[in-house]
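Below, chains carry the letters A, B, ... as their sequence lines are ordered, and counting in each starts from 1.
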Number of protein chains: 2
Amino acid sequence: MKIAPEELLRQHNLSLTAVRLALLEALHANPHSDAARIFDVVHNKIAAASKQAIYNNLNTLVECGIVREIKPKGQASLYETRTGDNHHHIVCRSCAGVFDTDCHDCAPCLTPKDSHGFVIDEAEVIFWGVCPSCQNNHNSKGKNNAEC
Amino acid sequence: MKIAPEELLRQHNLSLTAVRLALLEALHANPHSDAARIFDVVHNKIAAASKQAIYNNLNTLVECGIVREIKPKGQASLYETRTGDNHHHIVCRSCAGVFDTDCHDCAPCLTPKDSHGFVIDEAEVIFWGVCPSCQNNHNSKGKNNAEC
DNA sequence: TTAAAAATTTTGAATCAATCAAAATTATTT
DNA sequence: AAATAATTTTGATTGATTCAAAATTTTTAA
Ligand SMILES: [Mn+2]
Ligand SMILES: [Mn+2]
Ligand SMILES: [Zn+2]
Ligand SMILES: [Zn+2]
């Protein structure tokens with residue numbers, strides 16, 4: 001977020017509300033977190049905040065393009081403020097940790113071999129594997145690993 | 001499925017059951033369908049079949065590698081019998097239709113720019129766009145398109 | 001600065017895919 | 001054919017997300 005949250009909201013004709021500002025702050029500090037996690041952080045700052053408001057705003061912000069949503073198989077939707085750069089993600093099969101990885105900006109990643117006549121606007125890539133921590137903790141088969 | 005379903009199941013030490021065979025047949029005839037759809041097809045052939053058996057078997061078959069699961073954002077899990085070739089998918093934002101596309105077998109698609117020390121075993125790619133039918137039906141903004 | 005209008009939030013209920021659990025049935029092994 | 005193991009059925013349950021309506025807040029306009 002180079003641009004201040006307040007401006008960002010104004011640019012998209014969104015009301016400036018306490019929950020919304022807290023949400024953007026929470027997301028910026030905790031990339032790839034789900035609605036429950038964001039709610040925890042926001043609720044910690046604004047006791048009256050509801051989970052529904054988190055869902056409402058996440059949807060609104062995603063529609064506006066202010067927030068990006070990803071949904072790795074087996075997890076709730078994850079959100080981040082890093083948008084517009086078409087970066088990709090690496091997900092750990094063991095602990096479900098998510099990391100960013102930049103896009104090789106090469107044709108193969110952006111163009112399918114057979115487009116079936118589609119007008120394509122996005123190539124979403126998720127790399128699956130096992131993270132360094134989980135490689136060490138051999139006892140964490142299939143289970144989440146606290147260290148990750 | 002080059003190999004007969006019966007053999008396939010035997011090879012993986014799975015009991016040969018009516019539901020299982022019907023499921024594999026249904027999946028082969030309807031690639032990229034969800035559990036509900038598969039249940040419909042199976043149930044049509046075996047009146048006594050339960051949805052739970054479909055879920056049980058889909059999980060079992062995915063674990064065995066006989067069936068592949070994908071889960072495009074906003075849809076229930078989809079299943080297919082085409083496995084082991086690391087092919088990718090194109091999904092229509094308008095009608096949710098799913099199509100196969102072969103993998104460019106090039107390094108960029110298989111290797112992230114920064115692996116963060118992960119041991120990576122799969123690169124899952126989903127291309128998002130609008131299919132030919134939906135490009136024509138301009139009135140189908142955001143809604144599913146019966147033609148697709 | 002205020003009243004009216006519009007947008008957001010809260011609250012509580014509802015959906016829906018998917019899973020859990022236990023008893024009943026079926027398949028496989030002996 | 002009996003014993004054992006695996007699968008299926010049935011019914012309840014979970015959990016993320018959405019829906020809906022009343023209450024509150026923000027924005028707009030007077
Ligand atoms: Mn990211
Ligand atoms: Mn496919
Ligand atoms: Zn890990
Ligand atoms: Zn379409």
Practice task
Could you walk me through whether Gln52(A) and Asn56(A) pass the side-chain hydrogen bond (donor to acceptor under 3.5 Å, both in side chains) test, one step at a time?
Solution key: CA-CA 6 Å; Gln52(A) 184 61 54; Asn56(A) 289 342; 2.8 Å; yes
Practice task
Could you check how far CG of Leu21(A) sits from C1' of dT26(D), rounded to whole Å?
Solution key: 12 Å
Problem - Rounded distance in Å - CZ (Arg20(A)) to P (dT10(C)) - result: 12 Å
Problem - Inter-end axis angle, the helix from dT1(C)-dA30(D) to dT30(C)-dA1(D), with every axis fitted to five base pairs (rounded, 10 degrees) - result: 30°
Handout entry: Pairing of Arg82(B) and Asp102(B) as salt bridge, 4.0 angstrom limit
Key = yes
Handout entry: Gap between atoms CG and C1', on Leu58(B) and dT7(D) respectively (whole Å)
Key = 14 Å
Practice task
Taking the six-membered ring for Trp and the full ring for Phe, Tyr or His, determine whether the centres of Phe118(B) and Phe99(A) are under 6.0 Å apart.
Solution key: yes
Completion exercise
In this structure, NZ of Lys45(B) is separated from CG of Asp40(B) (nearest 0.5 Å) by 15.0 Å
Exercise for the section: Would you kindly give the CZ-to-P distance between Phe39(A) and dT9(C), to the nearest whole Å? Expected result: 13 Å
Handout entry: Test item: Lys113(B) side-chain N/O and His88(A) main-chain N/O as donor-acceptor pair under 3.5 Å
Key = no
Fill in the blank from the handout: OH of Tyr79(A) to CG of Asn30(A), rounded to nearest 0.5 Å, is 15.0 Å
Exercise for the section: Starting at atom CG of Leu23(A), determine the distance to atom C1' of dT8(C), rounded to an integer number of angstrom. Expected result: 13 Å
Problem - Length of the CD1-C1' vector between Ile70(A) and dA16(D), whole Å - result: 16 Å
Handout entry: Pairing of Arg68(A) and Glu124(A) as salt bridge, 4.0 angstrom limit
Key = no
Exercise for the section: Just do the side-chain hydrogen bond (donor to acceptor under 3.5 Å, both in side chains) check on Glu7(A) and His12(A) with the steps written out, would you? Expected result: CA-CA 9 Å; Glu7(A) 283 191 60; His12(A) 290 271; over 6 Å; no
Exercise for the section: Heavy atoms under 4.0 Å is the rule here; annotate nucleotides 13-30 of chain C 5' to 3' with B where the base is hit, S where only the sugar-phosphate is, and - elsewhere. Expected result: ----SBBB------SS--
